[in-house]
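A short worksheet on the structure shown next.
What you see below is based on every heavy atom in this structure, not just the backbone, and it leaves out hydrogens, waters and symmetry mates. For reference, positions follow the sequence shown, starting with 1. Just follow the structure's listing: the first ligand is 1, and inside any ligand the first atom is 1. Computed from a prediction, not measured in an experiment: that's the story for all the values here.
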Amino acid sequence: MTFVGGGRSCVGFSFSQLEMRVVLASLLMNFTFELSEKPIHWNISAITFPSTGKDSLKPEMWLKVGRYNAE
Ligand code: HEM
């Protein structure tokens with residue numbers, strides 16, 4: 001439903017998906033991603049989301065991001 005369906009659906013649907021893939025590929029090629037030491041708790045709801053620890057409902061998942069050096 002993000003792009004609606006039927007006669008009024010988004011004509012940029014495939015283009016925006018392609019754009020998201022290009023951005024994701026660029027990020028994965030140039031940076032490294034690893035989990036931080038903070039505890040992750042997955043909250044079950046209509047949309048499952050992570051938070052820091054069991055007591056928080058703030059959607060977040062801390063990552064350590066670094067530069068990727070191919071050499
Ligand atoms: C994440 C990105 C995008 C989202 C979530 C999105 C979402 C939508 C939605 C929900 C509609 C229907 C609006 C309505 O009639 O109520 C729409 C229409 C439209 N979108 Fe997108 N869109 C995105 C990207 C793009 C891009 C990249 C383009 C062009 C390159 C584009 C071009 C259009 C056009 C021209 C319409 C009108 C279609 C019509 O009424 O016949 N959109 N979009």
Side-chain angles (χ1 to χ4, degrees):
M1 284 312 293
T2 305
F3 297 92
V4 181
R8 290 296 309 273
S9 66
C10 177
V11 296
F13 182 19
S14 294
F15 181 82
S16 60
Q17 280 189 325
L18 176 69
E19 197 172 15
M20 287 185 258
R21 288 183 188 129
V22 170
V23 169
L24 186 58
S26 304
L27 289 172
L28 292 176
M29 284 191 300
N30 292 298
F31 296 96
T32 59
F33 300 87
E34 59 182 311
L35 293 173
S36 74
E37 293 78 22
K38 297 192 183 211
I40 300 167
H41 178 71
W42 286 94
N43 301 276
I44 308 303
S45 68
I47 297 174
T48 303
F49 64 96
S51 61
T52 304
K54 278 187 177 174
D55 299 327
S56 170
L57 283 178
K58 183 180 174 192
E60 62 184 8
M61 189 168 82
W62 288 81
L63 293 175
K64 288 185 195 166
V65 181
R67 282 302 300 260
Y68 178 75
N69 296 316
E71 311 213 318

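When every heavy atom of Phe49 is checked against every heavy atom of Leu57, the shortest pair comes out as CE1-O, 3.4 Å.
Proximity of atom 16 (O) of ligand 1 to the protein is not indicated, since no non-hydrogen protein atom lies closer than 4.0 angstrom. By the definition of a contact as any protein heavy atom under 4.0 Å away, atom 37 (C) of ligand 1 is not in contact.
Distances below 4.0 Å separate heavy atoms of Thr2 from the following atoms of ligand 1: 5 (C), 7 (C), 10 (C). Residue Ser9 approaches ligand 1 through these ligand atoms, each under 4.0 Å from one of its heavy atoms: 38 (C). In the vicinity of Ser16, heavy-atom distances shorter than 4.0 Å reach the ligand 1 atoms 2 (C), 24 (C).
In this structure, the side chains of Leu35 and Leu63 come closer than 4.5 Å at one or more pairs of heavy atoms.
Taking atom 30 (C) of ligand 1 as the reference point, the nearest protein heavy-atom neighbour is Phe15 CD2, 4.0 Å. Atom 4 (C) of ligand 1 has as its closest protein heavy atom Phe3 CE2, 3.3 Å. Given atom 34 (C) of ligand 1, the protein heavy atom at minimum distance is Val11 CG2, 3.4 Å. In this structure, the protein non-hydrogen atom closest to atom 13 (C) of ligand 1 is Arg8 O, 4.5 Å.
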- Task: Start with the C-alpha gap between Arg67 and Phe31, add the side-chain angles, then the distance that decides, and say whether side chain to side chain contact (heavy atoms under 4.5 Å, CB included) holds.
- Result: CA-CA 5 Å; Arg67 282 302 300 260; Phe31 296 96; 3.5 Å; yes
- Task: Given side chain to side chain contact (heavy atoms under 4.5 Å, CB included), test Leu28 with Phe33 step by step and report yes or no.
- Result: CA-CA 8 Å; Leu28 292 176; Phe33 300 87; 4.1 Å; yes
- Task: Would you sort out whether Asn30 and Tyr68 count as a side chain to side chain contact (heavy atoms under 4.5 Å, CB included), showing the intermediate values?
- Result: CA-CA 5 Å; Asn30 292 298; Tyr68 178 75; 5.6 Å; no
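With hydrogens and angles ignored, the 3.5 Å screen pairs a side-chain donor or acceptor of Ser51 with a backbone N or O of Ser56.
Proximity annotation for atom 19 (C) of ligand 1: of Gly12, Cys10, Gly5, Cys10 comes nearest, heavy atoms only.
For Glu34, there are no salt bridge (Lys or Arg N to Asp or Glu O under 4.0 Å) partners two or more places apart in sequence or in a different chain.
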